[in-house]
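Remarks on the structure that follows.
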Amino acid sequence: AYMRSCDIRCVDYLAKYEKRAHKVLERSASLLPNYPLSVASSLSLSLSQIARESQSSRRVLDSLAYLAPDGISKPVIKALNTRYLMMQQEAQVKEEAEAEARALAST
């Protein structure tokens with residue numbers, strides 16, 4: 001799925017996978033203690049790609065990790081996504097306002 005999503009060749013995926021496996025080992029094997037390294041590396045690659053494409057989607061996945069896997073409804077996922085998108089927009093507006101205030105103060 002990662003290769004299709006990223007339009008990446010198998011040889012390039014394997015290179016990224018090997019690099020990620022080393023990073024996972026360096027960071028800590030305890031991050032995903034119940035999974036073999038191959039699963040941890042693959043999951044890490046996929047989650048990194050999701051974060052690059054959409055921070056709000058990554059936040060939704062992080063939030064869902066704390067819920068029981070059974071019965072997570074689409075409305076819950078949509079509500080989380082909407083909330084994170086709103087938070088992201090609010091932060092961007094605040095950042096732009098602060099930058100404008102700094103620019104006005106420096107003139």
Side-chain angles (χ1 to χ4, degrees):
Y2 177 87
M3 289 173 30
R4 276 193 307 264
S5 172
C6 297
D7 193 27
I8 189 172
R9 297 177 311 145
C10 186
V11 68
D12 296 327
Y13 172 80
L14 289 174
K16 284 184 171 216
Y17 175 85
E18 289 295 325
K19 185 177 179 182
R20 183 58 55 128
H22 292 292
K23 285 183 180 181
V24 168
L25 276 176
E26 288 172 7
R27 281 191 1 204
S28 173
S30 65
L31 290 175
L32 296 169
N34 298 325
Y35 295 95
L37 182 58
S38 59
V39 173
S41 298
S42 181
L43 180 60
S44 178
L45 273 174
S46 295
L47 292 175
S48 294
Q49 182 64 30
I50 289 168
R52 280 192 294 277
E53 290 179 14
S54 171
Q55 277 296 320
S56 65
S57 294
R58 176 58 198 259
R59 286 181 166 178
V60 168
L61 287 174
D62 290 344
S63 297
L64 293 175
Y66 291 97
L67 301 176
D70 298 332
I72 299 174
S73 65
K74 287 182 183 180
V76 168
I77 295 171
K78 287 179 181 180
L80 282 170
N81 192 49
T82 299
R83 179 64 187 136
Y84 287 129
L85 287 172
M86 287 174 51
M87 289 170 57
Q88 189 175 357
Q89 290 170 346
E90 290 168 0
Q92 186 176 3
V93 167
K94 182 179 177 183
E95 188 177 302
E96 289 170 358
E98 290 171 353
E100 188 175 322
R102 284 192 302 273
L104 289 173
S106 67
T107 58

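As the structure is a computational prediction, the values presented were derived from the model and not from experiment.
With hydrogens and angles left out, the side-chain atoms of Arg52 and Gln49 include a donor and acceptor closer than 3.5 Å.
Taking OG from Ser54 and CG from Leu85, the interatomic distance works out to 6.5 Å, rounded to the nearest 0.5 Å. The structure places CD of Gln55 at 9.0 Å from CG of Asp62, a figure rounded to the nearest 0.5 Å.
Under the 4.5 Å side-chain heavy-atom criterion for Ile, Leu, Val, Met, Phe, Trp and Tyr, Ile77 and Met87 are members of the same hydrophobic cluster. Hydrophobic clustering, with ILVMFWY side chains joined whenever heavy atoms are under 4.5 angstrom apart, keeps Val76 apart from Leu61.
Scanning both residues, Ile50 and Ser57, for their nearest heavy atoms gives CG2-CB, 4.1 Å. Across all non-hydrogen atoms, the minimal contact from Gln88 to Ser56 is OE1-CB, 3.9 Å. For the residue pair Leu80 and Leu64, the shortest heavy atom distance occurs at CD1-CD2, 3.9 Å.
Atom CD of Glu100 sits in a sparse spot, with 12 or fewer heavy atoms from other residues, nucleotides or ligands closer than 6.0 Å. By the 6.0 Å contact criterion, CD on Glu95 is open, its count of non-hydrogen atoms from other residues, nucleotides or ligands being 12 or less.
A heavy-atom distance below 4.5 Å is not found between the side chains of Lys94 and Glu90.
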